[in-house]
Structures are given as structure tokens and as C-alpha cells.
Amino acid sequence: MHGHDEDVYFSSSSIRINPSPHDNSLLSNLQSCSKTLSSHLSNTRLSLTRMLDSLKNRHASPRLTQTRPVRRHSSPTQMLNSVTQLMIGSNSPLLSLSLIQSIQSIRSDPGAERLSSPLLCCASLSLNRPSESTQTVEGKDVIQQQQQVQKGHSSASRNAEERVLISEVLVRTKDGEELERKDLEVEALAALKACRANSALTVREVQEDVHRIIESGYFCSCTPVAVDTRDGIRLMFQVEPNQEFRGLVCENANVLPSKFIQEAFQDGFGKVINIKRLEEAITSINGWYMERGLFGIVSDVDTLSGGIVRLQVAEAEVNNISIRFLDRKTGEPTKGKTRVETILRQLTTKKGQVYSMLQGKRDVDTVLAMGIMEDVSIIPQPAGDSGKVDLIMNCVERPSGGFSAGGGISSGITSGPLSGLIGSFAYSHRNIFGRNQKLNVSLERGQIDSIFRINYTDPWIEGDDKRTSRSIMVQNSRTPGNLVHGNQPDNGSLTIGRVTAGIEYSRPFRPKWSGTAGLIFQHAGARDEQGNPIIKDFYSSPLTASGKTHDETLLAKFESIYTGSGEHGSTMFAFNMEQGLPVLPEWLFFNRVNARTRKGVHIGPASFLFSLSGGHVVGNFSPHEAFAIGGTNSVRGYEEGAVGSGRSYVVGSGEVSFPMRGPVEGVLFTDYGTDLGSGNTVPGDPAGARLKPGSGYGYGFGVRVDSPLGPLRLEYAFNDKHNGRFHFGVGQRT
């Protein structure tokens, strides 16, 4: 601050408001800056009130005198000296206001101008006497004016709202010269709301217009200067424009695409830096991080000499990942049964990566999908002062093994009281050796059906980086043979017995795509009601391809599945191929392919679902392995396998479902299936012997109810022979 007897010049000095090193939060910085700004505004308002009060008393307009009495001073010199002595003698703060806010601690950089978010620049208020010849100051008047100002100190708040007539309003540089760029002068004048020529102004209105000029974004400082001229009081806004944008430097942005940064700033290149647009660009960068759940933010912005904008980005990298097991009942830390490395290998989040909350959520879902955890959560914590984060994954384990019992319905049995009911009993262990390996031993038993199965699965083979799983299976089953060889005139029934053993490997090879390959050995044959092996049915159709009581086959299996979103109405495609390998001469040699797909469409509350399946087999295969058409999961309105059985088949279905009430929804459907004329190519032509049509359609309606077991389906369908039939099923149609 400088003071002289004949000239009065009050300049401003920038006040940097830096956050505490221990608090980097934007909210704390804004609160601190708000308090400092409020204090400076209060002092500025008081000082400007006294200044304008002196100006008003010297040059009171008729408009002002109509509303408020005016006190006059002997000369303009006394008026200016009054303000001078007020600012010097009363120990008032400089008539200035500046605000610089920063998200993080601002480092010293000579020649750099800080524009830390929210990028508010310096706003200063001062009073200047530009000419030495304009006025003179007498020492006696100074003493008198000091006494008058001290007497009027108590009336500052009252005078703050009094108005002073301004004859002219100009926008100039800090040196009082015209701006080189007239477009910037237009922007500054356009920002003014109250300050107009021949208008009476208050301190508050001047303050507000200063802020409006700064908020336009084109200027880094604004100083209103009141000059007493022969034509009245001239109000000049001395502004300092921002630099022209000539380049951009972005530091520490490891995951932020450079193309995105270029697109955010390219419109401003070669133009005067606009703080509002710069803030919008920074907001878009922060939004990019937020949309992807990444822990990242623009932490600092500098404008360097030459119009270079420097962005500093803070990205929180993962420092360490630890697993913590919690007790199911108490929630306290406990020792887990699962090996830590078994869980860690499931996570896509790795050390050194920028932490993503979305990726963390997917990791939680992946660990839950292992089937051995009851609850999983991730807690990020700061890793000291390194700017990184430590991740703690809390895991609550489920009981690893136990016995279970249940029941179901077999769709392959169509007659007899309670003939379709099946009871089951199983023992399972979900986490063998703490490696997430599964062992399941189950027995299913019905009036005719029976299945005993031992299955061991390793969901992710140790040492493999492709998430390959391995499954080993041994099974002994007995299923009804009426799908192909049913409806015998003597009401006799036969069953197909199979002993199967095999190994399969599965792995995902593209997003939403998975593949399976394996080897399966099967020993299969037919038996009558007494359990005796038979080789022909009532129509003398062969029941085996080899002519013996059993067929033996070694199958090489390949399957590829696209699952879409995984929901029932989503797009799905599956392709399956089995190749019989004649390692021994009596083993069967054939090739069978099968494909199925479905597509769902939502129109308003209704959902449309279209499905199509088909297959073909060539070579020497067992007749009971022919494709059976008709039934609950094929063409509704027909019994199981009643449409036909052949080497080839195509089945199409369309249905529309709509909500009814709560978990209940209604459904309308139609199905069509055909064996493509291949029924007589099956050894013994079992379909022709039973007069199956080979093709047919059905249509009907039904209801479905969501349940813990899956959708419960009750449907009634008519076939093309106008016969009606109920169908009941559990789960979605396959």
C-alpha cells in the first residue's frame, strides 16, 4: 500500500488461500475460502461506502438529493484526502479482494498463474488519482478530513446503501489504456448489470459487477477505479485478460486417453483462456473417471507463461490387496478355510492398477459366484501418504459341505399314478482342500428313473491362466425308453440303461463365449420291465446298433455357448458336436451335431421370445439316441416324443408373456416341429411303426410363477389334431 500527500493510489495484492497439508478435500478448501472471502467483502464494503459517501457529497445529483440528504465538503481535494486518511489512519485493510482456491497444496512456480478449481481468479477494488495536475492536497484539509471521517465511522453501514451518480463507465487495461481486443471489452461490458453511464450506484452493485466480469471467465483480475473529472465521476474497470491458449501438458494421467483430453480442449486452442470453459473441460475429465468408477480427479491446474495450461491428475493406484475372513455369527475376524491365493486369483483388480469401483463390484460378484462365500465386500483405505489405496476384501464363508434331499418331475414318463415323481438325496462338498474344488455324490430315484452320479469339478485348474475348469464324472442311469420306442400294444415298457464316465475341460475364450471339450465313454443297452436285457421291441425294431445287448461308444465332445446377458430373455446360441471314435472295431462310429438359439424382444410390458433348434446325425448310432420330437420342452400339445423321431429335426417356438399379478405372469405360445422326413432312416423305423406323423404343431396358454426352485410352468396346449393336454415343468424351457 502506498500513500502520498498529492496522489492517492491503493493497489491490491493477491492472497493465496492454501489448504492444510493434512486436508486435501475440496469441501474443506471451499469452506476456508468462503470465510476469508466473507471477511474481505465486509472490509471492502465498509471502505467503499466511505469513499462513495465522500464522492456523493461532492457531486450529489438531483436524483439523489430527492431521497437522501447530502453533506458537502469544501473541495474535491478534501474528499480524496478524506478517503486517504481513512485508509491510512484507521488501519483498515487494503481495499482489495482476491480468491484463489486449490484442491491440493499449491507448489511454488515462478511465473505461473494458479487457476485451481473452481478456478476463481483475483478480483480487486482500488481508488486511483491518475493525474498530478488534476487536484492538490493541503495538509490542513487532511487533518480536518481525518476528524470528519472518524466522526462518520459509525454511520458506515447506513451509507453503504446510499447511491452515487456515475457519469461514465469504461473498461480499460491495468495501465488505463484501451484493450487491444475489442471482443474482450464487449464481453466485460456485457457482463455489467448495474454499472451504466448516468446511473446512481451503491457499493454492493459495484462489487456485484466486479464479480460478474470475473465470472465471465476471460479475465484474471478486475479493479474498479473511480476518477473525479470535470464531467463527473468516471468509473473504470481495469481488467487483465487471461493468456491465449497455446498448449496443454497433462501429468500423471496413466489411464485417461489422450484423445479424450484433446477433444475436451481443442475448441479453445488459439483463443483467450476462458475460466468457465476450462472448468467445464476439467469437469468432463472428472466425469470420465466417475463414469468408469475410477479413483481419479484433476488435482491442480496451472497456466504457465506462453499460454501453456498444465493439468495435474491424481489417480489412486492399488498398493496392496488383503483378504480378511469374518465369522458368520459375530462378524469378528477369524481364520478361513479357503486358501487366500484361491480368492486372489479370481480378482481382475491387481496391484499397480488405478482402482475402479465398477471393477471391484465385478470382482465381488465373481467371488460370490464361486459358491463358497455367503457375503463379500471390498473396503478401500488410503495407503499412508503415498496417494495409493489398500484394498481389504471381507469374506464370510458358507458351510463347506453337507447332505441334502429333494424331489422333481420327470418329463419322460407320461402314464401311471405318480409316475413322474422323483426323489433325490445328495452329499456335496463345495471347497475341497480350500481350493474351491467341488465334489458331488447324488442319487435320484423314481418309479422308473434312477440316476447315481459322482462328479468332481475343479473350477480353475491351478497354474492355468485361461480360467480352464476340469470336470470328472461317473454315472449309472436308467431312463424310460418311450421317447423313441414307447406306445407298445402289449402295454409293456422298456428302459435304457447307461453307464457313463468322462472328463471335460471348459474355459471362456471370448466375452460371453465359452467352450467345452471332452472325452466320454458310454455303455448302453435296453431292458424290459423285469430288468432283462433285450435287443428288439414289440415291433421287432432293433434297440442297439451293434445287434448285441449293449452298445459301446467313445465320444469326443465339443460345445460352444454364447450366453448374452445370462437372463432368460436374452440372446443365446449353443452348438454341440459329438464324434464317435471307433478305437475298437465294435465301438460305434458316428457324428452328431445339434444347435439351438433364442432371442427375446421387449415391447412395453410384454416380452416376446423366439427359439429355434435343430440337429442331424450321420453314421451308425443307437436307435434310442434318435432325436425325439414332441412334449413339454418341444412341441406342446403332444406327448413326449409323439410327433416323431429321426436322424434330423427342427423345432421352432414363439411365445409372448405379460405380467399378471406379483410373481405370476401369463403366456401365449405356439410350437412347430418336424423330423425333415428322416424318421424312416433310423434303424428299425420306430417312428413309422408307431404311426408318428413326423411333423406337427401346437398352441396354447399358461401361467408361470417365480419360485426358489425356478419358474413353475403350468400350460395347456392344443395340437393340430385338436387334442388338448396339460404340461407342467420346473425351470426354463431348454
Side-chain angles (χ1 to χ4, degrees), residues 323 336-348 362-374 376 395-406 408 422 424-444 450-477 479 498-523 554-563 566 572 574-578 709-710 731-732 734:
I323 306 298
K337 299 178 180 178
T338 307
R339 297 175 59 178
V340 171
E341 55 270 23
T342 300
I343 301 175
L344 291 177
R345 70 192 306 224
Q346 301 286 336
L347 308 183
T348 58
R362 290 193 294 268
D363 286 338
V364 168
D365 293 338
T366 300
V367 175
L368 286 173
M370 295 168 64
I372 60 177
M373 299 297 171
E374 192 172 275
V376 178
C395 298
V396 179
E397 293 180 303
R398 299 173 58 185
S400 57
F403 294 91
S404 63
I422 297 177
S424 64
F425 180 80
Y427 170 79
S428 62
H429 197 294
R430 304 183 183 91
N431 195 13
I432 298 177
F433 310 123
R435 299 175 180 269
N436 191 34
Q437 298 173 359
K438 321 289 184 182
L439 175 65
N440 185 75
V441 180
S442 63
L443 173 64
E444 298 179 2
S450 68
I451 300 176
F452 175 75
R453 179 188 294 117
I454 301 176
N455 191 79
Y456 166 80
T457 301
D458 186 353
W460 191 346
I461 300 174
E462 187 172 357
D464 177 77
D465 60 350
K466 304 296 184 181
R467 303 185 71 92
T468 303
S469 65
R470 176 177 55 220
S471 180
I472 301 174
M473 175 267 299
V474 177
Q475 176 177 292
N476 186 355
S477 66
T479 58
R498 297 179 177 88
V499 176
T500 307
I503 183 171
E504 294 181 352
Y505 292 88
S506 301
R507 54 161 290 193
F509 53 87
R510 291 190 62 184
K512 302 181 181 180
W513 282 93
S514 62
T516 300
L519 281 175
I520 301 174
F521 177 81
Q522 178 175 278
H523 176 89
L554 179 63
L555 295 174
K557 174 184 176 181
F558 172 77
E559 183 178 46
S560 179
I561 299 178
Y562 174 83
T563 56
M572 185 276 296
F575 174 81
N576 179 281
M577 182 180 69
E578 295 176 343
L709 300 177
Q732 303 289 355
T734 58

Between CZ on residue R470 and OG1 on residue T457, distance to nearest 0.5 Å
10.0 Å

Where V364 and V376 come nearest, the two heavy atoms and their spacing
CG1-O, 3.5 Å

Just so I know, are the side chains of S450 and E444 near enough to count as touching, which here means a heavy-atom distance under 4.5 Å?
no

Work out which heavy atom in S469 is nearest to a heavy atom in P459; give both atom names and the distance.
CB-O, 3.2 Å

Sequence neighbours left out, cut at 3.5 Å: what donor-acceptor pairs do the side chains of residues 503-515 make with other protein atoms?
residue: E504; atom: OE2; partner: K557; partner atom: NZ; Å: 3.1
residue: S506; atom: OG; partner: T516; partner atom: OG1; Å: 2.8

OH-CE distance between Y562 and M572, expressed to the nearest 0.5 angstrom:
11.5 Å

Rounding to 0.5 Å, atoms OG (S560) and CE (M577) come to a distance of 11.0 Å

F575/E559 under side-chain contact (heavy atoms from CB on, under 4.5 Å): CA gap, chis, key distance, verdict
CA-CA 6 Å; F575 174 81; E559 183 178 46; over 6 Å; no

Rounded to the nearest 0.5 angstrom, the CD1-OG distance for I454 and S442 is 9.0 Å

Do E397 and K337 pass the side-chain contact (heavy atoms from CB on, under 4.5 Å) test, and can you show the C-alpha distance, the side-chain angles, and the key distance before you say yes or no?
CA-CA 8 Å; E397 293 180 303; K337 299 178 180 178; 3.8 Å; yes

Mind telling me whether F425 and F403 have parallel, tilted or perpendicular rings, with 30° and 60° as the class edges?
parallel

Can you name the nearest heavy-atom pair linking I343 to M373, along with the distance?
CD1-CE, 3.6 Å

Considering only heavy atoms from C-beta outward, does the side chain of I372 approach that of R398 to under 4.5 Å?
no

Are any of the side-chain heavy atoms of D363 and V367 separated by less than 4.5 Å?
no

Side-chain donor-acceptor distances from residues 431-441 under 3.5 Å, at least two apart:
residue: N431; atom: OD1; partner: R435; partner atom: N; Å: 3.3
residue: N431; atom: OD1; partner: N436; partner atom: N; Å: 2.7
residue: N431; atom: ND2; partner: T338; partner atom: OG1; Å: 2.8
residue: R435; atom: NH1; partner: E462; partner atom: OE1; Å: 2.4
residue: N436; atom: OD1; partner: K438; partner atom: NZ; Å: 2.7
residue: Q437; atom: OE1; partner: Y456; partner atom: OH; Å: 2.7
residue: Q437; atom: NE2; partner: D458; partner atom: OD2; Å: 3.4
residue: K438; atom: NZ; partner: M370; partner atom: O; Å: 2.6
residue: K438; atom: NZ; partner: R430; partner atom: O; Å: 3.1

CD1 on I520 to CG on L555, rounded to 0.5 Å
6.0 Å

For T366, what residues pass the side-chain contact (heavy atoms from CB on, under 4.5 Å) criterion, not counting sequence neighbours?
Q346, R467

Supply the atom-to-atom distance T500 OG1 to Q475 CD, rounded to the nearest 0.5 angstrom.
5.5 Å

